[in-house]
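To keep things clear, I will list the structure first and then write my remarks on it.
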Amino acid sequence: MKHYYDLEMYICGGVGGEFTNTFSLPNLSLTHVNMLDLYPVNSLSNINNNTNKPSSPNNKACLIQNSPCSGADFTPLDSFPNVVSQPKDEFEFVTTPYSEGVLFHNQKDLFYCGNILKDPVTSLHRIYCNGQSIKQVIACRHSIFVLTTTGKLIGCRQNEMVVYPEEVNSKKNVDKLVYEIPFDKPIKFASNGGGKHFYVQTEDGLYAIGDDSFGQLGLGYSNIISTPKSNTRVDNKMDGHESESTTFYSKFVKVPIEKVMEMEDHEILKIECGLNHTILLMRNIRTGKKLLVGVGCSYYGQTGLNSTRNRNRLSVLEFNCEHGEIMDVKCNCNGTFVLTPKAIYYCGINDHNIVATNKAYAAVLTEVGLVSSISRSDSFKSIVCGYQHCIVITERNKMFGLGRATTNQFGNGVAKYYNEELDNSEFKEKSVVTIVCGQYSTIFFVTPLIKVIEGKSKLEEDFTKLRKSNNFWDTQIFNANKDYSTKVPSYLLKEKCSQLLKYDKQLAPKSKECLDCIIDFIYFNEFKSATKATTPIDLLEWLTVNHIEDEYIVTMTMNAAISLTQEETVFECIQYIIVNKYPKDAYPLSLYWHHALSFCKQYIVENQFGKIKNSSSFSLLWEKQNILVEIARLNDPKILTEEVIQKVKAPPNISAIIASLFDDSTTSDIKLVLDRTKGFIIYCHKSILNSRCEYFNFQKLGFQAAALKEIDVYDLFKQWKTRDQVSYDDFQNLRTIIQYFYTGSIEITTTNAMGILLIWEALGIADESNIFSTSQDFIARSLRNENVLSIIFTIINRDDCSGTKAKSIKCNYSTLEFECLNYCASKWKSLLSMYKYDILNYLTKEQLLKITSIQNKVLLE
């Protein structure tokens with residue numbers, strides 16, 4: 001998780017006076033901003049001072065004189081807040097369609113600057129929310145509401161919103177900022193229409209409050225009696241009475257949604273409020289089908305009910321979606337947007353030319369005709385609305401602006417209306433984290449476009465194969481009698497069991513099973529081969545004679561020994577130690593010896609001594625007598641139990657060891673040479689490469705592999721570059737992939753995607769890999785006039801270095817080709833001006849025909 005101050009901000013639009021003193025120009029063009037720019041200038045010198053502590057809610061000295069209000073729950077951030085610099089804090093930015101500024105929270109406190117409350121602040125301020133965890137934040141006109149995880153609604157005043165109790169507006173409480181809104185039911189969700197009307201959802205239904213001039217509260221079925229003197233904040237439904245003639249409700253009233261549909265079969269997914277209308281997104285629990293319900297002002301058709309008459313009763317919209325399931329619904333001042341994976345629908349005021357109709361309004365949800373369509377491999381991701389403008393973003397960072405642009409809300413210049421794809425060249429190599437729209441402005445929060453791909457499962461699978469391999473070039477190790485051996489890479493032995501590097505009969509493992517267990521430990525930090533009761537004893541003897549006292553392996557071995565030592569085997573284990581003359585009095589074998597004798601003594605105490613007396617496992621009388629003597633000497637018998645191995649610090653596992661070996665010249669046994677004169681050399685290990693990639697199959701070389709010291713890897717590049725053209729970036733891309741073989745993790749960026757894609761294919765690895773698909777996606781995101789034809793020529797139409805046509809391409813580049821040709825079709829005029837007749841050197845006849853068909857919307861079947 002990135003720190004919030006690592007985010008990059010881009011601000012555009014506005015009418016002046018918003019945000020900070022630095023960024024207050026009207027019609028601001030797309031401007032790059034850092035989150036630190038929101039701090040007062042004199043506070044930035046304290047950012048790296050670890051002694052600074054976040055402002056205390058009880059420290060009134062930290063307030064500044066010109067704050068719009070005073071009080072312990074509102075403080076300017078005069079020093080960098082440690083509380084928001086922790087990676088564990090996840091920040092959520094909040095859109096402000098009826099005000100201007102930056103507003104976000106970290107599940108605990110609110111942070112804002114700008115003109116969000118009635119009086120603006122020009123640096124970042126914190127609002128303490130009574131120590132409650134934040135679930136949802138709603139920005140209204142000159143006010144903020146916070147829904148807590150406990151279902152409480154907190155209001156940050158400074159407007160005349162009706163939900164505030166009367167005592168809030170009294171002069172004696174003028175300094176108080178944060179209030180809990182009285183409501184006797186836990187709230188699940190809340191929505192606000194610019195401060196004029198308010199909806200809340202509880203377990204037992206919907207409640208609304210405020211302005212009902214246009215029927216936006218949906219009370220048409222209700223009979224409501226106003227009770228101004230009641231202490232409760234909820235008006236009860238009074239059946240049998242006529243509805244009171246009022247357009248304003250000063251207390252929460254229940255919305256009769258059950259009169260519209262059976263609520264046992266439906267659930268409310270979202271409540272969205274416009275300026276004077278309300279839309280509900282619901283789902284049928286039985287069928288899973290989503291539906292929309294509208295109410296309120298329909299003067300511009302914004303309720304989508306095919307009428308321009310206002311509705312005071314909740315009504316279901318007739319909407320047949322042809323482009324997948326409804327993903328989201330958003331309302332701006334006089335319009336409603338519905339988002340699906342492949343299309344956007346709109347109803348409402350149409351003076352912005354959002355939908356192609358001959359009227360100034362659209363009374364039913366109509367598909368928005370986008371000038372440039374999204375590709376088949378792309379889909380819409382999210383939608384956000386300001387007061388009169390809207391931005392939709394796809395999974396591939398493609399953005400569309402809809403609505404008014406009179407204050408440069410889209411950053412593409414001042415225009416009366418806008419209804420097309422945004423020029424997001426500033427974000428080509430960035431990932432848009434979120435977009436928030438103000439009343440007349442837009443803020444983009446972005447981070448560098450990087451995707452980390454993990455292949456840990458494949459890594460572990462390949463290392464399991466490495467355990468079973470017996471490579472010619474690895475170190476051979478024996479048991480004590482040299483009747484069994486196996487091979488292990490020397491660098492793993494040095495890290496985990498250096499005692500095995502040199503054979504010594506007295507110090508070597510005594511049995512085949514013991515040696516296998518040690519190899520298991522080297523690879524997996526566990527014993528997979530310990531099945532015989534005597535195997536752990538051999539392990540303990542090996543630990544003892546080699547003076548190994550590592551707590552983890554001793555604990556693990558003792559656990560195995562204890563679990564395998566049972567009533568039927570304990571005497572055999574004791575006899576095994578005596579006969580083989582193992583050092584039973586030395587640590588750690590002494591632990592088990594004491595345990596086994598205690599186990600025997602327990603049988604004597606329980607009058608079961610006949611088992612040892614009549615045991616057929618003892619061939620000699622003196623063996624029985626020796627055991628009895630040992631038991632008699634035992635003064636403090638203690639039967640041990642297995643310890644929880646997780647409590648002991650484990651040694652590095654195989655993954656961690658191999659990751660640390662990447663490009664290590666001291667342990668390397670093979671060098672990958674790309675260009676020796678330029679120093680393009682990667683130090684590797686045969687066993688690791690052999691197990692991770694078929695291209696590096698050293699086994700096929702037989703015994704010659706042991707003598708191989710280096711290989712020339714230029715062969716991976718020869719299909720698209722001559723040896724002289726190989727650059728440092730090419731070397732870094734190769735190094736990134738080789739490092740992936742060691743770590744199981746790789747970072748894809750728009751800078752390295754193309755090189756990684758080509759090397760990945762040259763290595764002969766399956767194109768179904770996430771690395772291959774992600775590289776194609778990142779290349780598509782970074783298309784520009786300067787590189788699109790080069791990408792087509794180098795990847796899709798690639799020739800070999802001799803100029804003849806290369807062999808048929810194994811990998812499937814149809815998705816990337818489609819993206820490139822779509823880009824060419826949309827930028828054809830500028831591409832022709834740039835390349836002129838040279839364009840024929842990059843594109844085939846078939847591709848030229850496809851571009852023409854895309855431009856003319858003709859399908860070639």
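All residue numbers in this chain count up from 1 along the given sequence. On a predicted model such as this, the values are computed, not experimentally measured, just so you know.
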Return the [atom1] to [atom2] distance between [X] and [Y], rounded to the nearest 0.5 Å.
| X | Y | atom1 | atom2 | answer |
| --- | --- | --- | --- | --- |
| I349 | Y361 | CD1 | OH | 12.0 Å |
| N312 | L219 | CG | CG | 8.0 Å |
| F410 | E420 | CZ | CD | 9.5 Å |
| I181 | I187 | CD1 | CD1 | 9.0 Å |
| I257 | L206 | CD1 | CG | 5.0 Å |
| L281 | D328 | CG | CG | 7.5 Å |

Return the minimal non-hydrogen interatomic distance between [X] and [Y], and the atom names on each side.
| X | Y | value |
| --- | --- | --- |
| G218 | P256 | O-CD, 3.4 Å |
| F380 | T394 | CD2-CG2, 3.8 Å |
| N332 | C385 | CB-CB, 4.2 Å |
| A780 | R396 | CB-NH1, 4.0 Å |
| L103 | A139 | CD2-CB, 3.9 Å |
| V137 | H105 | CG2-CD2, 3.4 Å |

Check whether more than 12 heavy atoms from other residues, nucleotides or ligands sit under 6.0 Å from atom [atom1] of [X], and answer yes or no.
| X | atom1 | answer |
| --- | --- | --- |
| K827 | NZ | no |
| K451 | NZ | no |
| Q855 | CD | yes |
| K152 | NZ | no |
| E203 | CD | no |
| F319 | CZ | yes |

field: Residue of the set E272, Q216, Q302, H197 for which side-chain hydrogen bond (donor to acceptor under 3.5 Å, both in side chains) holds with T278
entry: H197
Do the side chain of [X] and the main chain of [Y] share a donor and acceptor less than 3.5 angstrom apart?
| X | Y | answer |
| --- | --- | --- |
| N106 | D109 | yes |
| E267 | I285 | no |
| S191 | I271 | yes |
| N284 | H266 | no |
| K270 | K330 | no |
| K290 | I326 | yes |
| D212 | L217 | yes |
| N306 | A363 | no |
| D378 | E395 | yes |
| D777 | S773 | no |

For [X] and [Y], take the angle between the two ring planes, folded into 0 to 90°, and tell me which bin it lands in: parallel under 30, tilted 30 to 60, perpendicular over 60.
| X | Y | value |
| --- | --- | --- |
| F93 | F104 | tilted |
| F427 | F444 | tilted |
| Y346 | F337 | tilted |

- request: Apply side-chain contact (heavy atoms from CB on, under 4.5 Å) to C347 and L365, showing your working.
  value: CA-CA 5 Å; C347 63; L365 284 168; 3.7 Å; yes
field: side-chain contact (heavy atoms from CB on, under 4.5 Å) between Y98 and C140, worked out
entry: CA-CA 6 Å; Y98 301 97; C140 312; 5.7 Å; no
message: I'd like to know whether T336 forms a side-chain contact (heavy atoms from CB on, under 4.5 Å) with L292, so could you lay out the CA-CA distance, the side-chain angles of the two residues, the decisive distance to 0.1 Å, and finally the verdict.
response: CA-CA 11 Å; T336 301; L292 298 166; over 6 Å; no
Are side-chain heavy atoms of [X] and [Y] found at a separation under 4.5 Å?
| X | Y | result |
| --- | --- | --- |
| C273 | N192 | no |
| M9 | V102 | yes |
| L275 | R141 | yes |
| V436 | F445 | yes |
| V293 | M261 | yes |
| T148 | K135 | no |
| L317 | L305 | yes |
| Y112 | V121 | yes |

message: With no hydrogens and no angle check, just 3.5 Å: does a side-chain donor-acceptor pair link K196 and N276?
response: yes
- prompt: Side-chain donor-acceptor pair under 3.5 Å between S307 and S298, yes or no?
  reply: no
- prompt: Given the rule in the side-chain contact (heavy atoms from CB on, under 4.5 Å) test, do V94 and L110 qualify, once you have shown the distances and angles that lead to the verdict?
  reply: CA-CA 10 Å; V94 182; L110 281 175; 5.8 Å; no
F198: which of F145, F183, Y249 passes ring pair (Phe, Tyr, Trp, His ring centres under 6.0 Å):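 By the ring pair (Phe, Tyr, Trp, His ring centres under 6.0 Å) criterion, F198 pairs with just one of F145, F183, Y249: F145.
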